[in-house]
> 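Here it is: the structure, laid out below.
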Amino acid sequence: MFHYPKTRQDDTVDRYFSTEIADPYRWLEDDLSEETAAWVDAQNEVTFGYLRAIPSRDAIRARLETANNYVKESAPFTRGAYTYFYRNDGLQDQAVVYRTQGAAEDATVFLDPNTWSEEGTTSLDQLRFSGDDKKIAYSTSEGGSDWRTIYVMDATSGERLSDKIENVKFSGIEWRGSEGFYYSTYDKPEGSELSARTEHHKLYFHALGTSQADDELVFGGEGDPQYRYVGGYTTEDDRFLVITGANATSGNMLYVKDLHNDSDLVCLTEDESADSDVVAHHDGKLLIYTNLNAPMGRVVAVDAATPHQENWQDLIPETNHELGIDVGAGYLFASYLVDVQTQVKQYQLDGTFVRNIALPGVGCASGFGARAKDTELYYTFTNYTTASDTYRFDPVTGEAELYRRSACVIDSTQLESKQVFYPSKDGTKVPMTICYRKGIDLDGSHPTILYGYGGFNVSLEPAFNPNIAVWIEMGGIYAVANLRGGGEYGKAWHDAGTQQQKQNVFDDFIAAAEYLIDTKYTSSEKLAIRGGSNGGLLVGACMTQRPELFKVALPAVGVLDMLRYHTFTSGEGWAYDYGTSAQSADMFRYLLGYSPVHNVKAGVSYPSTLVTTADHDDRVVPAHSYKFIAELQAKHGGDNPVLIRIDVNAGHGAGMPTHKVMDLNADVYAFCFDQMGVTLV
């Protein structure tokens, strides 16, 4: 029996239209309070006490360490007189930036984030070179926070310059020539930096050698439209400044400014109904990716002198498959997602078709982006059972050669994956990839993790992960369902899982679980569901709607309080996918109908649950997870443990050091095996 820490309830009540909703754990939203900190410590004491006592936990952690202990190296890129690449020697917490003027084996360390903090919790976010390749601007994150600090270095000497930009959030680092760079941020919020609301995003220009206090406000000030998300970048030739403005994570306004003529800022689009971005300037025309009137995406061209939306002409028309665009070596590379597998076509900048690019197999290829003057490109290829290999590609001849084979120690010949299409509740066919050891018997006995996301136009494409391979090697099955709400089949697929169609996502995931059980891959007693962020919402909603279907639930950094998510940090920008409780009475009732925090019922036996979150998560604040586990511990009617694991000095996931990633997966796998009654093999 588990003796959970007692969580105080208060009498907080909110009125939504004509309905009063109690919020007894509102006090847990205060991440600055000593009471919340004491509650976190008490919960962790119970959780880690249990996890450390699981007999298989240390053996699993050792297997994860072995599987991760190989050199991981990025494709190279040349800037100035040097060739740079990222490399992790195996178990380093953060990848290191190397450079060389000769062979790769002669490379020396240029930038080592592992020296920035004792536990490797300060990470490198972005690294950008100036137009003349003589300066570098790079951003860092501490403890996984979305807030960044930008530093500037001399690229030749490696000396850090005096320029320092603090409190930057949701930003690129985009150079204008070599005189300075653009970045985006919010005014620093009142109260907690990790949870307080952030609203009006602004674009600034920083001139090298000046103080941040003197940076020029370029967009987002008085007289400008106000957006929650603003981005700015220049075309490669530095001719045009491009600005995007959005109030949600889908759809944006598009602006351009001719920097040579110092002309006025011109708005190209009529509304925020589509996603649009300038990908290149060529021969007096702007080349724009857009899904305006093209749910699968297309590339259009428009005269830069009259760039308004009504003048756009198709360059690469829409097809039946989701489109992504890279620009490199003076070509366009169109990547199509065909039933969640990559196909790539090469085009001239005038839209002339060049060739279909032959890929090494069935899976996901990424890369192809480079500068116009580059004469060779690199791309990586991977799938769920094949570690990522790097290829060198000649854009003139179309020939590719293996540049670097992955050094992964996992024997991929013993792994297998299979794509299936199963019917959801309304008959929609949904793809799912199932990964397992070769030769398994379909007898319903296999411990299985079903993973999903289903939101924000995010496509779950096949990619190898050594931590997942360990689960499969230990006898587990790993399944990934490509749910509605994602981007696998374009904007219509995304929209089919948003707002008052969000239940489609949960139905798709539940149907995936039923398929795995019906086809004897697993059983309810051996099935875990896992997802993070929006996927944490997915797990929370499904475990409260169908608690008997799953043995284990693993909601990670989840959006779990659907009535209040928009009141934290930049959460209001997620309204395209979710709607908000203030939007309308109908939307409030719909959200209330599935909000995990509000749908835990007293006396119901819920799956064995390990909620995971982190104290520095300022994307989806940990209060979501705190309130959800408080409800579960107060109302759960069964004997299954319902625990929360709260990582310290970690955030939403980006930049998490290797040792923390392995610790987390060891705890999750040990929890699954222990609750499923499975012996480690």
Side-chain angles (χ1 to χ4, degrees), residues 73-86 97 99 104 126-133 136 172-177 231 233-240 242 276-290 297-301 315-316 319 321-337 342-360 363-382 388-404 461 463:
E73 194 166 300
S74 75
F77 56 97
T78 300
R79 296 292 184 268
Y82 294 92
T83 296
Y84 297 80
F85 57 89
Y86 295 81
V97 183
R99 74 175 180 182
Q126 299 178 68
L127 184 147
R128 299 289 185 268
F129 284 78
S130 61
D132 60 7
D133 295 331
I136 299 172
I173 304 173
E174 305 292 344
W175 285 86
R176 185 173 75 199
Y233 54 94
T234 58
T235 52
E236 187 177 346
D237 58 7
D238 274 335
R239 176 66 184 270
F240 292 94
V242 182
S276 302
D277 284 290
V278 175
V279 297
H281 172 230
H282 171 67
D283 197 23
K285 293 184 177 181
L286 297 174
L287 310 187
I288 300 169
Y289 165 84
T290 184
R298 57 180 173 144
V299 177
V300 300
L315 194 72
I316 301 178
T319 69
H321 305 291
E322 172 77 352
L323 169 67
I325 286 290
D326 288 296
V327 183
Y331 295 94
L332 295 170
F333 294 90
S335 296
Y336 294 96
L337 205 56
T342 303
Q343 293 182 6
V344 184
K345 298 179 183 292
Q346 182 179 352
Y347 292 86
Q348 300 277 8
L349 291 177
D350 64 4
T352 302
F353 174 74
V354 178
R355 62 175 61 89
N356 292 312
I357 295 177
L359 299 177
C364 176
S366 60
F368 299 103
R371 298 180 299 181
K373 66 181 182 181
D374 290 337
T375 57
E376 60 184 17
L377 307 176
Y378 295 85
Y379 70 86
T380 58
F381 180 82
T382 183
S388 181
D389 295 326
T390 303
Y391 292 81
R392 181 191 286 117
F393 177 77
D394 186 326
V396 176
T397 65
E399 295 181 358
E401 62 179 4
L402 181 67
Y403 174 77
R404 180 174 291 106
E461 300 181 39

> Please list, chain by chain and in numerical order, all residues satisfying side-chain contact (heavy atoms from CB on, under 4.5 Å) with Ala463, sequence neighbours excluded.
Thr382
> Taking all non-hydrogen atoms of both residues, which atom of Tyr378 and which atom of Glu376 are closest, and how far apart?
OH-OE2, 2.9 Å
> Return the minimal non-hydrogen interatomic distance between Gly369 and Asp326, and the atom names on each side.
N-CB, 4.0 Å
> Would the Phe129 and Tyr84 ring centres measure less than 6.0 Å apart?
yes
> In the structure I gave you, are the side-chain heavy atoms of Lys345 and Phe333 within less than 4.5 Å of one another anywhere?
no
> Supply the atom-to-atom distance Phe85 CZ to Phe77 CZ, rounded to the nearest 0.5 angstrom.
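So the gap between those two atoms works out to 10.0 Å.
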> Step through it carefully: locate the ring centre of Tyr391, locate the ring centre of Tyr403, and say whether they are under 6.0 Å apart.
no
> Which heavy atom of Thr380 sits nearest a heavy atom of Ser388, and at what distance?
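Where Thr380 meets Ser388 most closely, the heavy atoms are CB-OG, 3.4 Å.
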> Identify which one of Thr234, Val278, Leu286 satisfies the side-chain contact (heavy atoms from CB on, under 4.5 Å) criterion when paired with Phe240.
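Considering Thr234, Val278, Leu286, a side-chain contact (heavy atoms from CB on, under 4.5 Å) with Phe240 is found only for Leu286.
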> In Å and rounded to the nearest 0.5 Å, what is the CG to CG distance from Leu349 to Leu315?
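One finds 8.5 Å between CG of Leu349 and CG of Leu315.
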> Kindly determine whether Asp277 and Val242 satisfy side chain to side chain contact (heavy atoms under 4.5 Å, CB included), including the steps that lead there.
CA-CA 8 Å; Asp277 284 290; Val242 182; 5.8 Å; no
> What is the distance from atom CD1 of Ile316 to atom OH of Tyr347, rounded to the nearest 0.5 Å?
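Separation between the atoms: 5.5 Å.
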> For the residue pair Tyr379 and Phe368, does the interplanar ring angle fall in the parallel (under 30°), tilted (30 to 60°) or perpendicular (over 60°) class?
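Judged by the thresholds at 30° and 60°, the geometry between Tyr379 and Phe368 is parallel.
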> Contact between Thr342 and Phe381 at the side-chain level, heavy atoms closer than 4.5 Å - yes or no?
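SC-SC contact between Thr342 and Phe381 ruled out.
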> So, taking the atom named CD1 in Ile136 and the one named CD1 in Ile173, what distance separates them when rounded to the nearest 0.5 Å?
11.0 Å
> Within this structure, what is the CZ-CD distance for the pair Phe393 and Glu401, rounded to the nearest 0.5 Å?
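Going from the CZ atom of Phe393 to the CD atom of Glu401 covers 12.0 Å.
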> I want to check something: taking the side chain as every heavy atom from C-beta on, are Asp350 and Asp283 in contact at a cut-off of under 4.5 Å?
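No, every pair of side-chain atoms sits at 4.5 Å or beyond.
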> If we only count heavy atoms from C-beta on, is the Glu73 to Arg404 side-chain gap below 4.5 Å?
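Heavy-atom side-chain distance check passes, below 4.5 Å.
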> Going by heavy atoms in the side chains, are Val327 and Leu287 under 4.5 Å from each other?
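Not in contact.
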> Please report the closest heavy-atom contact between Val354 and Gln348, naming both atoms and the distance.
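Scanning both residues, the minimum pair turns out to be CG2-N, 3.6 Å.
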> Could you tell me whether the side chain of Asp394 and the main chain of Val396 form a donor-acceptor pair under 3.5 Å?
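It does hold such a pair.
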> How close do Ser335 and Val344 get, heavy atom to heavy atom, and via which atoms?
OG-CG2, 3.8 Å
> Taking the side chain as every heavy atom from C-beta outward, state whether Leu323 and Val299 have any atom pair closer than 4.5 Å.
yes
> I'd like to check Ile357 versus Leu359 (side-chain heavy atoms, cut-off strictly below 4.5 Å). Are they in contact?
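Contact flag for Ile357/Leu359 side chains = yes.
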> Is the closest side-chain heavy-atom distance between Arg79 and Arg371 below 4.5 Å?
yes
> If I take atom OG1 from residue Thr78 and atom CZ from residue Arg99, how far apart are they, to the nearest 0.5 angstrom?
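Taking OG1 in Thr78 and CZ in Arg99, the distance rounds to 12.5 Å.
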> Give the minimum heavy-atom separation between Leu377 and Ala370, together with the two atoms involved.
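Looks like CD2-CB, 3.2 Å.
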> For Pro395, is there any backbone N or O sitting under 3.5 Å from a side-chain donor or acceptor partner on Gln346?
yes
